[in-house]
Amino acid sequence: MASFRFASPALLLLLAGCVSGPDHVPPEMPLPAKFSEGGAKNIGDVSTAAWWTAYRDTRLNGLVGEGLNQNLSVQQALERINAAAGGVTVAGAGSLPSLLVGASHTTSGTMGERSVSGGATNISAGEANVSWLLDLFGQYRRSKESAQASLDAAYSSADVAKLTLLQDLVNSYIDLRFFQERLALSRANLKSRQETYELTKFQLEAGAASRLDVVQAEGLVQSTQAEIPGLETNIRVAAHHIATLLGQPAGSLLGELLKGAPQPIFRGGIASGVPADLIRNRPDIRVAERNLAAATANIGVAISQLYPTITLSGSISPSYVKVAGVSGGSLTSWSFGPTLTLPIFDGGRLRANVDIAKSDAKTQYLAWKSTVLSAVEEVENALSAVRRDAQTVEALRAQVKTTQETLELSTASYKDGASSLLDVLDAQRQVSLAQASLAAAIQQMAKDYVSLNVAIGGGYNPGAPRTTAPPKAS
């Protein structure tokens, strides 16, 4: 008997250590040592890097700070963390003892001609029920493990929401300044073309130009005037979207953002790291990995349901009965004992649940691989773009300078009567096209740097201490 008393706790501890299903192992996949146009240097933790400050635009810096604090999508993602934290508590509660207590008081009696008792009976009672399901095969431990992985995924999903905000907000600001630049160029071109139009009318009166020249000059003025309303609309649309991203009514920042500013130009270096850095730095990859961990734990939950369960339960119900005219007395009932539940026939439902859980885990693994490959592709594309954008911008700057010189020479030649108005008008068109192309190239260059920094997972946690020795990534 003594040996049995010592063996029983040991047996319970042994059973308590049994956990069904596979343990989660961080997934791995082969990745190149470096990006095709990147370096071989590890960049560590980039979540704290405020990369947008490299545009050297204080207004943009302020907008990003407001957006990270006020954006409604980010706030929703943060709130979902609270729900996921509650899910961890719920998942683990099943393996803990539960206690339910209650109390009641009833008064009863009989009335009428055939009543045998003229008094009332008062019964005061209480009840306490205790139950504890022994988690012998780790059903609730696996459930809690799955819920904890989902909580981790919720934290990383909030980081994904911040990265999405950063990309949308900075790109919208870049668009705003681009349309303002285009508007300024159109107004300058309108002024130049109006001067040409006035000069042509003067030469018509002097007999040095034809009516066709005047009509052509006037048409170019009108086409330029037609560009301006669309550009003004696009400026307001970008400003409205920025206000919405900051959790404010559209148009609330219009007056402030309408104040002109140069197009943003990124003045930072190119630091892409290596593909393995993405597994650590990209929050969407962490979400996929945590979803896989949750799905793996759910396999254990499904397998544990194939095995028997033991529940220890007990109750005690004291009561006090008092009949009118008779002295009262107490009565207490109690019970205690284990309950064994063993699934025998279920039509294959429980084993099908295991197959479903395994398939879901496989799906999550494939989703993780797809997320990693997509991240690598995004960085490769962004690197290809940023390494060539500067060349495009420099070539277009030279083209603008050339077309402006051509326009000056054509205008001087036209005033001297050595060339036709058509040469001047064509030169003006070429200047406008070159200026618009240059503004668009600067816009694209700024956006490509946004894409690169977001692709490497940078900036969603600005101001936090930077990790100097990041953990190794598979």
Side-chain angles (χ1 to χ4, degrees), residues 1-27 80-102 127-155 289-317 334-365:
M1 291 296 294
S3 61
F4 179 77
R5 285 198 303 269
F6 288 108
S8 296
L11 179 61
L12 288 176
L13 289 174
L14 178 63
L15 291 175
C18 296
V19 181
S20 302
D23 292 326
H24 173 67
V25 178
R80 282 190 285 270
I81 294 176
N82 295 331
V88 175
T89 302
V90 172
S95 63
L96 301 176
S98 65
L99 171 63
L100 298 176
V101 296
E127 184 177 10
N129 293 303
V130 180
S131 65
W132 183 19
L133 189 150
L134 302 181
D135 194 17
L136 301 180
F137 299 98
Q139 174 181 347
Y140 290 104
R141 275 169 288 172
R142 288 300 192 195
S143 295
K144 187 173 182 179
E145 181 181 328
S146 176
Q148 182 62 54
S150 297
L151 174 59
D152 296 339
Y155 276 103
E289 189 273 335
R290 291 289 81 198
N291 287 340
L292 172 59
T296 302
N298 286 334
I299 296 176
V301 174
I303 292 176
S304 66
Q305 293 175 350
L306 298 173
Y307 301 114
T309 60
I310 298 177
T311 304
L312 302 179
S313 60
S315 66
I316 182 170
S317 301
W334 60 272
S335 65
F336 174 79
T339 301
L340 174 67
T341 303
L342 177 64
I344 302 297
F345 299 110
D346 62 356
R349 178 178 60 86
L350 294 179
R351 291 197 176 275
N353 286 338
V354 175
D355 294 336
I356 291 172
K358 289 181 178 179
S359 179
D360 182 54
K362 180 64 175 179
T363 301
Q364 295 298 335
Y365 170 67

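Because the structure is predicted, anything quoted here is derived from the model rather than measured. All residue numbers refer to positions in the sequence shown, counting from 1.
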Exercise for review: Carefully, step by step, assess I81 and L151 under the rule side-chain contact (heavy atoms from CB on, under 4.5 Å).
Suggested key: CA-CA 6 Å; I81 294 176; L151 174 59; 4.0 Å; yes
Exercise for review: Indicate yes or no: at least one non-hydrogen side-chain atom of D23 is less than 4.5 angstrom from one of R142.
Suggested key: yes
Check your understanding: Between A154 and R80, which heavy-atom pair has the shortest distance, and what is it?
Key -> CB-O, 4.2 Å
Point to revise | Shortest non-hydrogen contact from A147 toward G87 | key: CB-O, 3.7 Å
Review point. For the side chain of D152 and the backbone of R290, is there at least one donor-acceptor N/O pair under 3.5 Å apart?
Key: no
Check your understanding: Closest approach of Y307 and P343, non-hydrogen atoms and distance?
Key -> O-CD, 3.9 Å
Check your understanding: Do any N or O atoms from the side chain of T296 and from the backbone of L292 form a donor-acceptor pair under 3.5 angstrom?
Key -> yes
Review point. Does the W334 side chain pair with the main chain of S317, one donor and one acceptor, at a distance under 3.5 Å?
Key: no
Review point. Do side-chain atoms of S20 reach the backbone of F137 as a donor and acceptor pair under 3.5 angstrom?
Key: yes
Check your understanding: Do the side chains of L133 and I310 get nearer than 4.5 Å, heavy atoms only?
Key -> no
Check your understanding: Got V301 and S146 here, is their nearest side-chain heavy-atom distance under 4.5 Å?
Key -> no
Check your understanding: To the nearest 0.5 Å, what is the distance between CG (L99) and CG (N129)?
Key -> 8.5 Å
Check your understanding: Can you name the one residue among S315, S313, S98 that meets side-chain hydrogen bond (donor to acceptor under 3.5 Å, both in side chains) with S131?
Key -> S98
